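Comments concern the structure below.
As the structure is a prediction and not an experimental result, all values here were calculated from the model.
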Amino acid sequence: MNDKHFEVELPEAVLTGFGWQEAEVPERVREALVMELLRLDRLSETEAAGFLGLNRRELLDTMGRYHVPV
């Protein structure tokens, strides 16, 4: 699989609203997109964990933060 890279402009208010630091934006956006695909049943938990580099426990914690059902 090939990774795609994007440049996205966001108002500072968006970062402030999420409480994100600028350096963590790419990781957080990746996480949010993967969680949404998981919520839509377009990814398995195993795939989501792999894309995010998480173990099972870390994935479950992340799913909880995003209110994605197990």
If you apply the rule salt bridge (charged side-chain N to carboxylate O under 4.0 Å, His left out), what do you find for D61 with R65, and how did you get there?
CA-CA 6 Å; D61 289 344; R65 283 198 325 272; over 6 Å; no

Measure the shortest side-chain to side-chain distance between P11 and V14 over non-hydrogen atoms and say whether it is less than 4.5 angstrom.
yes

State, yes or no, whether a side-chain contact exists between V34 and Y66 at a heavy-atom distance under 4.5 Å.
no

Are [X] and [Y] joined in one hydrophobic group, where the rule is that I, L, V, M, F, W and Y side chains link up if heavy atoms are under 4.5 Å apart?
| X | Y | result |
| --- | --- | --- |
| V25 | V8 | yes |
| L40 | V70 | no |
| V68 | L33 | no |
| L54 | L37 | yes |

Expected output: side-chain E27 to main-chain E24 donor-acceptor under 3.5 Å
no

Minimum heavy-atom distance [X]-[Y], with the two atoms named:
| X | Y | answer |
| --- | --- | --- |
| A48 | L59 | CB-CD1, 4.1 Å |
| M35 | T62 | SD-CG2, 3.9 Å |
| H67 | R39 | O-NH1, 3.2 Å |
| E31 | L52 | CA-CD2, 3.7 Å |
| L15 | E22 | CD1-CA, 4.3 Å |

So how far is it from W20 CH2 to L10 CG, rounded to the nearest 0.5 Å?
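Interatomic distance, W20 CH2 to L10 CG, rounded to 0.5 Å: 8.0 Å.
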
Under 6.0 Å from the CZ atom of R28, do we count more than 12 heavy atoms belonging to anything else shown?
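Above 12, so yes.
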
